[in-house]
Amino acid sequence: MLIVAALGGNALLRRGEPPETWRQIANIRVAARALAEIAREHALVVTHGNGPQVGLLALQSGDPLDMLSAETEGMIGYMIETALRNELPGRDIAGLLTQIAVDPDDPAFATPDKPIGPVYSEAEAKRLAGERRWSIAADGDGFRRVVPSPRPLRVLEIETIRLLVHSGVLVICAGGGGIPVVAGETGWRGIEAVIDKDRASALLATELGADALLMLTDVNAVYADWEGVKARPFGAVSADELRKYEFAPGSMGPKVEAAIEFAEATGCMAGIGGLQDAAAILRGEAGTRIAGSLS
């Protein structure tokens with residue numbers, strides 16, 4: 001089978017951890033062990049988040065977000081590739097910078113909602129928003145910068161990725177949701193945005209004809225009434241059932257939407273759950289599994 005596995009930001013930096021390189025490398029080694037268990041039996045394409053990293057770089061640099069997305073995709077892809085190569089000696093592995101087309105008139109540009117960078121106190125967030133003309137929003141007990149997150153429309157390198165997969169290569173691509181680009185009169189150009197990694201992964205998995213999409217995070221499943229007194233995890237569940245519930249727009253909401261889109265478009269399974277449970281989710285033994293049904 002062909003599996004697309006999307007690593008959440010926790011694969012590099014867990015909430016509250018300082019962004020030291022050694023911590024990111026240690027966390028990626030854990031992720032690589034979980035992914036290697038799948039890769040030994042299946043073809044695998046890996047995507048990853050970049051929210052903490054792109055936000056931190058934005059604090060240090062005046063470069064636009066598309067450039068920072070490319071920079072973090074290369075950096076994180078390199079660390080994942082190295083860790084997987086050590087877990088899977090002899091396996092062909094390639095990291096690929098990936099451009100993804102978006103609509104310059106997407107309504108997301110008027111309503112930024114994608115959190116990036118570190119968590120701030122309310123006072124610090126308001127100070128930075130004023131100084132840097134950022135949009136900010138609540139995130140848990142703190143506040144984070146939010147940026148436009150347009151819907152991904154097309155993976156420009158899809159044929160290259162398909163060729164690599166068919167040649168037996170484990171591919172790392174579409175990191176951080178890919179590099180957002182738009183078509184103009186003189187060709188393609190980058191645009192100031194960050195594409196949601198889960199939506200990009202669902203698009204990639206659909207275009208590749210993947211047999212399953214796994215969205216791996218630091219939560220073991222999708223929960224109804226998350227953090228409430230009646231919190232309960234979903235196991236095997238239909239798309240129609242999930243649509244009855246509301247999920248946090250900055251975290252679980254995009255994962256659920258992406259899972260439903262992939263499952264309904266392909267008739268295949270989309271799983272959401274803990275990184276350490278990756279293989280178990282694929283076997284139907286853990287996490288939340290949204291089964292597709294093509295009619």
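- Contact record, Val146 with Ala137: CG1-CB, 3.7 Å, taken as the closest heavy-atom pair.
- In terms of heavy atoms, Gly274 sits closest to Leu216 at O-CD2, 4.0 Å.
- Under the 4.5 Å side-chain criterion, counting only non-hydrogen atoms from C-beta, Val171 is in contact with Val165.
- Atom CZ in Arg199 sits 10.5 Å away from atom NZ in Lys255 (nearest 0.5 Å).
- The residues Glu264 and Arg243 are annotated as salt-bridged, a charged nitrogen and a carboxylate oxygen being separated by less than 4.0 angstrom.
- One finds the CZ atom of Arg154 at 14.0 Å from the CG atom of Leu204 (value rounded to the nearest 0.5 Å).
- Here the side chains of Val182 and Trp188 are not in contact, with every heavy-atom distance at 4.5 Å or above.
- The CD1 atom of Ile179 sits 9.0 Å away from the CD1 atom of Ile195 when rounded to the nearest 0.5 Å.
- For residues 95-105, there are no salt bridge (Lys or Arg N to Asp or Glu O under 4.0 Å) pairs, not counting sequence neighbours.
- Looking at Thr288, its side chain never comes within 3.5 Å of a backbone N or O of Ala221 through a donor-acceptor pair.
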Inset, instruction - Show your working on side chain to side chain contact (heavy atoms under 4.5 Å, CB included) between Val181 and Val102 and close with a plain yes or no. - result: CA-CA 6 Å; Val181 296; Val102 301; over 6 Å; no
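- Between Arg127 and Glu131, at least one side-chain N (NZ, or NE/NH1/NH2) sits under 4.0 Å from a carboxylate O, which counts as a salt bridge.
- Rounding to the nearest 0.5 Å places NE2 of His166 at 8.5 Å from CG of Leu163.
- With contacts defined as side-chain heavy-atom distances shorter than 4.5 Å, the pair Leu96/Glu157 qualifies.
- Using a 4.0 Å cut-off between a side-chain N of Lys or Arg and a carboxylate O of Asp or Glu, Arg40 and Glu37 do not qualify as a salt bridge.
- Note on residues 82-92: pairs passing salt bridge (Lys or Arg N to Asp or Glu O under 4.0 Å), not counting sequence neighbours, are Glu81-Arg85.
- Thr217 contributes no side-chain N or O that, together with a main-chain N or O of Met215, makes up a donor-acceptor pair within less than 3.5 Å.
- Leu44 places a side-chain heavy atom less than 4.5 Å from the side chain of Val46.
- Alongside Ile136, the hydrophobic cluster contains no other residue (criterion: ILVMFWY side chains under 4.5 Å).
- The local environment of CD in Glu246 is sparse, with at most 12 non-hydrogen atoms from other residues, nucleotides or ligands closer than 6.0 Å.
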Inset, instruction - Evaluate the side chain to side chain contact (heavy atoms under 4.5 Å, CB included) criterion for residues Leu68 and Glu71: first the C-alpha distance (whole Å), next the side-chain angles of each, then the deciding distance (0.1 Å), finally the verdict. - result: CA-CA 5 Å; Leu68 298 180; Glu71 185 174 349; 3.9 Å; yes
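- Residue Ile158 is grouped with residue Leu213 when hydrophobic side chains (ILVMFWY) are merged at heavy-atom distances under 4.5 angstrom, including chains of intermediate members.
- Contact annotation: the side chain of Leu208 approaches that of Arg162 to within less than 4.5 Å [non-hydrogen atoms, C-beta and beyond].
- Although no hydrogens or angles enter the test, the distance criterion places no donor-acceptor pair under 3.5 Å between the side chain of Arg189 and the main chain of Thr186.
- Hydrophobic clustering places Leu84 together with Ile25 (ILVMFWY residues linked when any side-chain heavy atoms are closer than 4.5 Å, directly or through intermediates).
- The ring-ring contact (aromatic ring centres under 6.0 Å, His included) check on Tyr223 picks up Trp226, with sequence neighbours excluded.
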Legend entry - Chi angles and distances behind the side chain to side chain contact (heavy atoms under 4.5 Å, CB included) call for Met252, Ile272: CA-CA 9 Å; Met252 192 55 74; Ile272 302 174; 4.0 Å; yes
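- Applying the side-chain hydrogen bond (donor to acceptor under 3.5 Å, both in side chains) test to every pair with at least one member in residues 204-214, sequence neighbours left out, gives no pairs at all.
- Looking at every heavy atom in both residues, Ala212 comes nearest to Leu282 through CB-CD1, 3.8 Å.
- The neighbour count for Met67 CE, taken as heavy atoms of other residues, nucleotides or ligands under 6.0 Å away, does not exceed 12.
- Under the 4.5 Å side-chain criterion, counting only non-hydrogen atoms from C-beta, Asp66 is not in contact with Ile191.
- The shortest distance between side-chain heavy atoms of Thr82 and Ile28 does not fall below 4.5 Å.
- Salt bridge annotation for Lys114-Asp196: present, with a cationic side-chain nitrogen under 4.0 angstrom from a carboxylate oxygen.
- Considering every non-hydrogen atom in both Ala263 and Ala291, the closest pair reads CB-C, 4.2 Å.
- Under the 4.5 Å side-chain contact rule for hydrophobic residues, Val30 and Ile76 do not share a cluster.
- Between Gly176 and Val194, the shortest heavy-atom contact is O-CG1, 4.1 Å.
- Taking CD from Gln276 and CD1 from Ile281, the interatomic distance works out to 8.0 Å, rounded to the nearest 0.5 Å.
- A salt bridge links Glu261 with Arg151: at least one charged nitrogen is closer than 4.0 Å to a carboxylate oxygen.
- A side-chain donor-acceptor contact under 3.5 Å links Thr72 to the backbone of Ser69.
- The shortest non-hydrogen separation linking Ala58 to Arg145 is CB-NH1, 3.5 Å.
- Contact of the Val45 side chain with the Leu2 side chain is registered, since non-hydrogen atoms from C-beta on lie closer than 4.5 Å.
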Inset, instruction - Show your reasoning for whether side chain to side chain contact (heavy atoms under 4.5 Å, CB included) applies to Ile290 and Val237. - result: CA-CA 5 Å; Ile290 301 99; Val237 64; 4.0 Å; yes
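- Hydrophobic clustering places Ile38 together with Leu275 (ILVMFWY residues linked when any side-chain heavy atoms are closer than 4.5 Å, directly or through intermediates).
- Residues Leu164 and Leu203 fall within the same hydrophobic cluster, defined by Ile, Leu, Val, Met, Phe, Trp and Tyr side chains chained together at heavy-atom separations under 4.5 Å.
- By the ring-ring contact (aromatic ring centres under 6.0 Å, His included) test, Phe234 pairs with Tyr245, sequence neighbours left out.
- Annotation: the span from Cys268 atom SG to Met1 atom CE amounts to 9.0 Å, rounded to 0.5 Å.
- Judged by distance alone, the side chain of Glu192 and the main-chain N or O of Pro64 form no donor-acceptor pair under 3.5 Å.
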